[in-house]
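So that the names make sense, note that chain A is the first sequence line, chain B the second, and so on, each numbered from 1. Side-chain atoms are counted along with the backbone in the values below, which use heavy atoms only and exclude waters and symmetry mates.
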Number of protein chains: 2
Amino acid sequence: MSSAQRLPTMADVAERAGVSPSTVSRTLRGLPTVSPEVRARVEKAARELNFAVSRQAASLVTGKTGVVAVLVPTLNSWFMGSALSSLGPLLRAAGMELTVYVISDMSERTAFFEHLPARRNADALAVFGFDLTDEETVRLDDLGMPVIYVSQHAEGRPSVYVDDVDGACKATRHLLNLGHRRIAFAPTVGASGFCFSSRERLLGYRQALTEAGIPIDDDLVVTMSLEDRRGITQGVGKLLSLREPPTAIFAEMDELAIAIIHSLRKARIQVPERISVIGFDDHQVAEWTDLSTVAQSPSDMGRLAGELALQLIQDSDTGHTRHIVLPTHLIPRGTTAPPPVPRREGDSEDERA
Amino acid sequence: MSSAQRLPTMADVAERAGVSPSTVSRTLRGLPTVSPEVRARVEKAARELNFAVSRQAASLVTGKTGVVAVLVPTLNSWFMGSALSSLGPLLRAAGMELTVYVISDMSERTAFFEHLPARRNADALAVFGFDLTDEETVRLDDLGMPVIYVSQHAEGRPSVYVDDVDGACKATRHLLNLGHRRIAFAPTVGASGFCFSSRERLLGYRQALTEAGIPIDDDLVVTMSLEDRRGITQGVGKLLSLREPPTAIFAEMDELAIAIIHSLRKARIQVPERISVIGFDDHQVAEWTDLSTVAQSPSDMGRLAGELALQLIQDSDTGHTRHIVLPTHLIPRGTTAPPPVPRREGDSEDERA
DNA sequence: GTGAAAGCGCTAACAT
DNA sequence: ATGTTAGCGCTTTCAC
């Protein structure tokens, strides 16, 4: 079991191998200036002693910590899980550690930006999906390390994100092309004030409607919290109680779309026969539940963010202001269909409860 | 933006405040032996210089790294997301960092256990949901730090987990109590050879059947991979093509249950009228989709694991071999119901395709 | 190709 | 209550 025994140091390895500590250091870092036979001896000694280099001591002199930090609003979402599941192994392969700062409420957020615990404890920071204030962004600027913005953009700073406006546009256009004219948008809210780009998606929704010459109706935009189920039922109720209810709902994310569909079906409103529903993400469950959606790839984002981070650590000037924009794809599936009664422009009298 | 400027050291703060570095150290660590006025001066200087203590340097002398490491098979699951979302802020509040080792395939697993990168780089390690070999467990023993096993148990080592056998028993008994006699069990497989306790849940399933005097039929146990949808359709097909198909399916986890239900409904087999389905976890979507399930609380597990880790770091003897077993709860919802034709013992001739 | 020596930034005795 | 001193374990000149 674990015990407080002293761990072997480089000096121990050196002694055992009959060389100097410097040589051990050189060997273990794979520097070429070590003769093969000495290298072998050192490696053997290190293995026998179960030696591991102390990052702490090393970083004290190199100035590099060997860790990449990420700042995330939650870990409990498909998006973050996928992104970090690709980022983690990538960093590992590069010999880096991943430290995670989870900020789940406002007080944690304030504390983070006040103390900046990542300072001096990481070589780069990747900030995921926060809707940062200008002050917060500026605060990160003097963190003394490269900061990469992921699933969001910051002007003049390296960013990796999808074109949410465009993606939302695609979703909305798909509904329009099916013949829908009354299309609702359902954004969500998170606790720590973060946004998985709901703002941008709203923009795309509006843009597509405007393109199609359809007036914006703010009654059709209903925020629903994923935290409690009541919220969703109420939100859906709000839409169903409109004088002219929507024939289609565009949910900000798949999880919400699933919940909305369930709420509708419980109320015996058939999807997609009566109301179409489309999500955003292409979450795993979207496939299982045959949900139409707009796909984005968080694992690609994680990977690209990681690569960018490593690159910036090596040379903080390259790609200093680089923006990587990833594509989105419409995935039409079984929850979208033409509206119940095909309507032409102008005959909006034709109504059904 | 970020730049390579030298970060201020304690000496800088000391100079600015007109005191010695030791005093700065004492002040910043909140030791009581500092006069209020000096404390104020030091804090002011530190703030002005935007100073942050280097964990690296501190840990070099204290021997504590100030980080808790976790080893996880993936981050892309409801379970892990929930667990770490509670563990993270807890550690943060204790002034600790969280570093994450994601091991998503066999080669990464091998590499981890060979090099043990956490050695010397953390004060404690929490291992989540792996089905470790004895060798691996022993290897972790001489990591030189407390190791906490979460969502699994290791004999004689601190562990936090739910009684999966009991939970699975509850799920199975619920189906039995509804009158089901042909009950299938659907485990999943993950990539890195980890198991979210599928083994234990199988045991519980069998135990409940045995209790009820129902013979075990291995044809009713069909492993389904969540990675691809085909696998699920095929798995469901396997069950439906049995000479005597099940009237109920117990899925190892909610995600799988959802996929199975969808597969059944697509095939026009009504759930729960024709076949009942129950999951395990009480995943968020379980509520949205009205899935019967057995609840466990990964956030409780994360929290308890974190608390145990902190405690073991302080005093590696306390609770050295402590096992914390968390409860599970049956959550009956809309996907379980009595079987289509109530059957009594003996009249198993009464059959319907 | 290898060793000796000088720190990296901090904390922990020990003085005062 | 504060300052002085001596390292923590490693990397990095600089000699050889």
**Q** Is there a donor in the side chain of A:S20 and an acceptor in the side chain of A:T23, or the other way round, less than 3.5 Å apart?
**A** yes
**Q** Using whole Å, report how far NZ of A:K64 lies from C1' of C:dG9.
**A** 17 Å
**Q** Side chains of B:D105 and B:S107: donor-acceptor distance under 3.5 Å anywhere?
**A** yes
**Q** Out of D:dG9, D:dC8, D:dT13, which nucleotide sits closest to the side chain of B:V61?
**A** D:dC8
**Q** Does a donor on one side chain and an acceptor on the other come within less than 3.5 Å for A:N76 and B:S82?
**A** yes
**Q** Please give, in whole Å, the distance from C:dC10 C1' to B:M10 CE?
**A** 6 Å
**Q** In whole angstrom, give the distance that lies between atom CG of B:L28 and atom P of C:dG9.
**A** 16 Å
**Q** Is a donor-acceptor contact shorter than 3.5 angstrom present between the side chain of B:S25 and the base of C:dA12?
**A** no
**Q** Take B:R92 and A:E108 through the test salt bridge (charged side-chain N to carboxylate O under 4.0 Å, His left out) and record every step on the way to the result.
**A** CA-CA 9 Å; B:R92 196 88 283 289; A:E108 283 168 16; over 6 Å; no
**Q** Go nucleotide by nucleotide along DNA chain D from the 5' end; which of B:E37 and B:L60 gets its closest nucleotide reached first?
**A** B:E37
**Q** What's the closest nucleotide to the A:R29 side chain, out of D:dT11, D:dG9, C:dG9?
**A** D:dT11
**Q** Which nucleotide, D:dG3, D:dC10, C:dG3, lies nearest any side-chain atom of B:T23?
**A** D:dG3
**Q** Any base atoms under 4.0 Å from B:T33, or only sugar-phosphate, or nothing? Heavy atoms, all strands.
**A** base
**Q** Given D:dT2, is OP1 or OP2 found less than 4.0 Å from the side-chain N or O atoms of B:S35?
**A** yes
**Q** Taking 4.0 Å as the cut-off, does a side-chain nitrogen or oxygen of B:T9 come that near to OP1 or OP2 on C:dG9?
**A** no
**Q** Should B:S54 be listed as having a side-chain N or O under 4.0 Å from OP1 or OP2 of C:dG9?
**A** no
**Q** Less than 6.0 Å separating the ring centroids of A:H323 and A:Y161?
**A** yes
**Q** Does a nitrogen or oxygen in the side chain of A:R39 sit under 4.0 Å from OP1 or OP2 of C:dG1?
**A** no
**Q** Describe the nucleic acid contact of A:S22 in one word from base, sugar-phosphate, nothing, applying a heavy-atom distance below 4.0 Å.
**A** base
**Q** Give the nucleotide from the list D:dG9, D:dG3, C:dC10 with an atom nearest to the side chain of A:A57.
**A** D:dG9
**Q** Just how far, in rounded Å, is C1' of D:dG7 from CD of A:Q56?
**A** 17 Å
**Q** If you look at every strand shown and take non-hydrogen atoms under 4.0 Å, does A:T62 touch a base, only sugar-phosphate, or nothing?
**A** sugar-phosphate
**Q** Please give, in whole Å, the distance from D:dC8 P to B:R120 CZ?
**A** 12 Å
